[in-house]
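In each ligand, atom 1 is the first atom listed, and ligand 1 is the first ligand listed. Note that the coordinates shown come from a computational prediction; the quantities given were computed from them, not determined experimentally.
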Amino acid sequence: MKKVDISSLNPAKFIKLVPSRDQIIASNPANPIPHQDTYAANKIAKALHPDKQFVKIAKVEAFSPDVKRYTFVPDTDKGTTALAYFSAGQYLSVSLTVGKAVLTRPYSISSGPADALDGFYQLTIKRVNGGLATNYILDNWKEGDSVEVSAPLGTFKYEPLRDAKTVVGLAGGSGITPFLSFARAIAKGEEDMHLTLLYGSRTRDDILFKDEFDQIAQSCDKIKVVYVLSADSAENCESGFLTADLIKKYAPEGEPYSVFMCGPQAMYDFADGEIAKLGLRSKFVRHELFGEYHNPERNADYTAPASETCTITVRVRDEKTSVTASVNDTILVSLEKNGIAVPAHCRSGECGWCHSKLVSGDVYVPASVDGRRLADFDYGYIHPCCTFPLGDVEIVVPAK
Ligand code: FES
């Protein structure tokens with residue numbers, strides 16, 4: 001170890017600096033420090049990561065009454081002049097008010113990153129049975145409407161230092177949307193990766209974006225798309241489910257590959273079992289997580305409380321409110337249903353945006369969506385988006 005010569009650490013040298021520092025301070029005009037927004041670095045950071053963006057619906061394309069694609073442009077009337085750039089696979093969190101419920105919902109961006117620089121985003125939204133937000137959007141949003149969205153967010157993106165050069169994408173239903181963004185980014189040279197997409201649908205008619213995928217795959221040899229039909233058979237399509245054998249059939253032989261999955265919970269439940277058979281390293285298996293966590297009772301470590309209802313007391317700034325809630329809803333859902341706005345984006349325990357202090361009461365957090373850090377456990381913080389009350393609870397949430 002190098003020995004420090006303490007004789008060289010002469011404090012007198014530092015004391016001598018004080019008069020010259022005072023001189024510099026005195027010689028400068030007493031102008032106020034410029035506002036942080038005037039610095040170039042801050043301007044760039046704000047353009048890339050705005051708190052929120054206001055966008056206007058420029059176009060609505062109905063693929064069916066239950067699936068529509070919305071094209072958004074900046075809403076200059078509300079101060080958004082350009083759209084934040086993003087990585088393929090990221091999502092926008094959309095703010096909505098439905099009746100008295102104040103909601104946010106994450107939707108993957110289906111357009112390519114370069115499209116944001118050309119001034120538009122696209123979201124493709126599929127109706128969910130009983131879904132408050134999707135039903136509202138599909139039945140109400142029209143051209144010219146203004147919508148508030150977050151900056152692009154999410155970790156479901158390609159990281160060359162972590163991921164293999166080839167990604168095998170497993171998509172189910174509307175989980176296809178981030179893969180369209182990946183395909184566009186690869187075709188434009190924005191992402192340096194290969195994508196082999198296994199796209200599961202019930203029937204041929206349920207396949208979304210088939211023409212677009214076929215066109216991109218034809219023009220770019222880094223992209224291959226395989227349609228997999230579970231309740232149908234058609235020329236050039238596989239029949240069945242997204243099994244380990246199917247993945248092996250299309251994955252590169254003798255080379256590492258990553259698996260990226262996006263789809264409904266039922267697809268994850270099945271595909272996770274199949275992927276386990278492949279013996280991939282955990283860093284090569286990525287799930288897009290966002291979405292509500294339903295039914296904690298399917299977890300072996302969950303014991304349902306005796307009463308189906310409870311009281312959630314919530315403090316936002318100095319205001320304290322109590323609401324009656326179902327123990328089967330996450331705390332976030334109960335607060336939203338009662339018109340209490342809580343900051344939230346991913347809704348699946350990942351982003352930390354809803355981070356709140358648990359003051360009292362017992363809660364259950366499913367391990368698969370528990371994205372808290374160790375310090376959160378020590379200091380009693382929860383993510384209300386994936387936390388179920390086990391009785392009366394009190395929490396403090398940050399103001400929205
Ligand atoms: S909204 Fe992302 S962790 Fe709760």
Side-chain angles (χ1 to χ4, degrees), residues 49-53 84 86-87 89-98 101-109 123 125 128 131-134 137 147-157 175 178 262 265 268 286-296 299 312 314-316 323 325-359 361 363-390 393-400:
H49 309 287
D51 294 336
K52 55 184 159 191
Q53 310 181 85
F86 64 98
S87 296
Q90 289 195 297
Y91 67 87
L92 297 175
S93 175
V94 173
S95 296
L96 296 164
T97 302
V98 183
V102 187
L103 313 170
T104 59
R105 286 292 184 275
Y107 294 108
S108 292
I109 305 171
L123 299 181
I125 297 176
V128 175
L132 191 59
T134 57
I137 290 171
V147 179
E148 181 189 322
V149 299
S150 67
L153 296 162
T155 57
F156 190 68
K157 52 189 183 175
C262 187
Q265 188 60 46
Y268 290 158
R286 314 259 306 129
H287 299 76
E288 175 56 313
L289 276 179
F290 64 67
E292 299 292 307
Y293 193 96
H294 298 288
N295 189 11
N299 294 337
I312 297 175
V314 56
R315 228 183 315 145
V316 186
V323 301
S326 162
V327 295
N328 294 316
D329 282 338
T330 62
I331 292 177
L332 176 65
V333 166
S334 294
L335 296 180
E336 288 177 338
K337 280 183 179 173
N338 284 280
I340 299 170
V342 179
H345 286 323
C346 73
R347 305 182 72 84
S348 50
E350 190 191 55
C351 73
W353 212 258
C354 63
H355 194 243
S356 301
K357 172 96 176 144
L358 178 67
V359 178
V363 295
Y364 172 73
V365 183
S368 60
V369 284
D370 195 347
R372 288 176 292 173
R373 289 167 297 181
L374 282 181
D376 294 331
F377 290 90
D378 291 344
Y379 294 102
Y381 280 87
I382 56 168
H383 293 158
C385 67
C386 58
T387 300
F388 294 87
L390 290 171
V393 295
E394 180 172 340
I395 64 168
V396 179
V397 306
K400 199 169 178 212

For residues Leu332 and Ala344, report the shortest heavy-atom separation together with the two atoms involved.
CD2-CB, 3.8 Å
Just to verify, what does Lys337 make a salt bridge (charged side-chain N to carboxylate O under 4.0 Å, His left out) with, not counting sequence neighbours?
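Salt bridge (charged side-chain N to carboxylate O under 4.0 Å, His left out) list for Lys337, sorted by chain: Asp329.
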Is there a donor in the side chain of Ser108 and an acceptor in the side chain of Gln90, or the other way round, less than 3.5 Å apart?
no
Quick one: CG on Leu92 to OG1 on Thr104, what's the gap to the nearest 0.5 Å?
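Reported value, rounded in 0.5 Å steps: 12.0 Å.
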Show your working on salt bridge (charged side-chain N to carboxylate O under 4.0 Å, His left out) between Glu394 and Lys357 and close with a plain yes or no.
CA-CA 9 Å; Glu394 180 172 340; Lys357 172 96 176 144; over 6 Å; no
If you count heavy atoms of other groups shown closer than 6.0 angstrom to CG of Asp378, is the number above 12?
yes
Using heavy atoms and a cut-off under 4.0 Å, could you grab the residues that are in contact with ligand 1, chain by chain, numbers ascending?
Ala344, His345, Cys346, Arg347, Gly349, Glu350, Cys351, Gly352, Cys354, His383, Cys385
